[in-house]
Amino acid sequence: MRGLLMGAADVVPGVSGGTIAFITGIYDRLLGALSAFGLPVFRLLLAGRLAGAFRRVDGAFLLVLLAGIVTSVGTLAHLIGWLLDAHPVLLWAFFFGLIAGSALWLLRQVPHWSSAIVLAVLIGLLAAAAVSLSPAVRFDGGAAALFFAGFFAICAMILPGVSGSFILVLLGMYDPVLAAVESFDLAALGLFAAGAACGLLAFARFLHWLLARFHGPAMGLLTGFLAGSLLAVWPWKLATGAGQLLPVFPDTWSAAQGTSAQLLPSLLFMTLGFALVWQLERRWGDPGT
């Protein structure tokens, strides 16, 4: 179930699968399993000790989680794409509630506050805001673009508050990757997966070390990332000539689009997303479960 939820989050620009891992209590275990990949594991594999290598990387946990993620991405990609076209405001409102609830939940995980943690929160907030407001950059869509899109997107996907799908949007690769998933284009998906595997193994180890050595500031940084990413999922945004999507007030958006801002239903969907996070935390939030 955690894998299904992570996969659903990773499909959507602005929502991070790392956030779901965090609020459902498996984030530390996930980073630990991913960072275990290294020379000792490859030595075990070369020696034919497959069972030992499997246990060292917490293979059962990773396989079940990956099965949930792949199942969710494969089944929800078309639905999410349709909802983004047919009901974008209500869908973004729901995700705004998810992110807001997750940010508040992360604030509760900071054990004690200090000037270093406050500074880390501000840095994360500004960094996520800068990413959210950045104009799109266009990759050429070729083989190298798919590989590097996977590399950068996976690094974002395991960070709570930074959406890998949103990084794909900024790189101009969201539509090509979503189309590859929907059409099951094995060549394109293979290149993307290869880049993702390289990025995952490189970044997970660093992030695991960072949380182990500097837990408080690292938690503050992740909290800032999450809060700053609210700009990316604000339901009412208008495009600029530079390719940016800037958040605006609902009445400004309504006047520019010539349609209703759907304010009341949007508030209801925000509340629903917020409540869902807290239900997830109540059900799975204990890291010992």
Side-chain angles (χ1 to χ4, degrees), residues 1-21 24 26 30 34 61-92 94-95 98-99 131-132 134 136-204 229 232-233 243 245 273 276:
M1 287 301 298
R2 290 168 167 93
L4 288 172
L5 291 169
M6 287 177 66
D10 283 330
V11 172
V12 181
V15 185
S16 168
T19 301
I20 301 299
T24 58
I26 60 169
L30 175 60
L34 293 174
F61 165 75
L62 287 180
L63 278 181
V64 174
L65 191 68
L66 181 62
I69 292 172
V70 170
T71 300
S72 189
V73 170
T75 55
L76 291 180
H78 183 73
L79 174 62
I80 294 296
W82 177 79
L83 288 173
L84 285 171
D85 288 333
H87 304 284
V89 171
L90 297 182
L91 187 63
W92 286 119
F94 176 70
F95 292 132
L98 285 177
I99 296 296
V131 170
S132 300
S134 296
V137 187
R138 295 292 166 188
F139 274 21
D140 61 9
L146 283 166
F147 179 87
F148 285 109
F151 185 93
F152 291 122
I154 199 67
C155 293
M157 283 177 184
I158 61 173
L159 277 174
V162 184
S163 164
S165 294
F166 186 68
I167 296 300
L168 292 179
V169 170
L170 292 180
L171 297 176
M173 292 296 293
Y174 182 72
D175 289 339
V177 172
L178 193 62
V181 173
E182 291 180 9
S183 63
F184 202 58
D185 185 342
L186 291 179
L189 292 176
L191 286 167
F192 184 82
C198 293
L200 191 63
L201 296 180
F203 189 65
S229 70
V233 293
L245 287 174
L276 179 60

Among all residues two or more places apart in sequence or in another chain, which pass the side chain to side chain contact (heavy atoms under 4.5 Å, CB included) test with Leu79? Leu76, Trp82, Leu83
Show every donor-acceptor pair shorter than 3.5 Å between a side-chain atom in residues 184-193 and any protein atom, with sequence neighbours excluded, or say none if there are none.
{"from": "Asp185", "atom 1": "OD1", "to": "Ala187", "atom 2": "N", "distance (Å)": "3.3"}
{"from": "Asp185", "atom 1": "OD1", "to": "Ala188", "atom 2": "N", "distance (Å)": "3.3"}

Work out which heavy atom in Cys198 is nearest to a heavy atom in Phe147; give both atom names and the distance. SG-CZ, 4.0 Å
Check side chain to side chain contact (heavy atoms under 4.5 Å, CB included) between Leu90 and all other residues, then give those that pass, not counting sequence neighbours. Gln262, Pro265, Ser266, Phe269
So, for Ile154 and Leu200, which heavy atoms are closest and what is the spacing to 0.1 Å? CG2-N, 3.5 Å
If every non-hydrogen atom of Ala67 is compared with every non-hydrogen atom of Thr71, which pair is closest and at what distance? O-OG1, 2.7 Å
Side chain to side chain contact (heavy atoms under 4.5 Å, CB included) partners for Phe203, two or more places apart: Cys155, Ile158, Leu159, Phe206, Leu207
Looking at residues at least two apart in the chain, or sitting in another chain, which of them share a side chain to side chain contact (heavy atoms under 4.5 Å, CB included) with Leu62? Leu30, Ala33, Leu34, Phe37
Say you draw a straight line from CZ of Arg2 to OG of Ser72; how long is it, rounded to the nearest 0.5 Å? 15.0 Å
Do the non-hydrogen side-chain atoms of Leu65 and Ile26 ever get within less than 4.5 Å of each other? yes
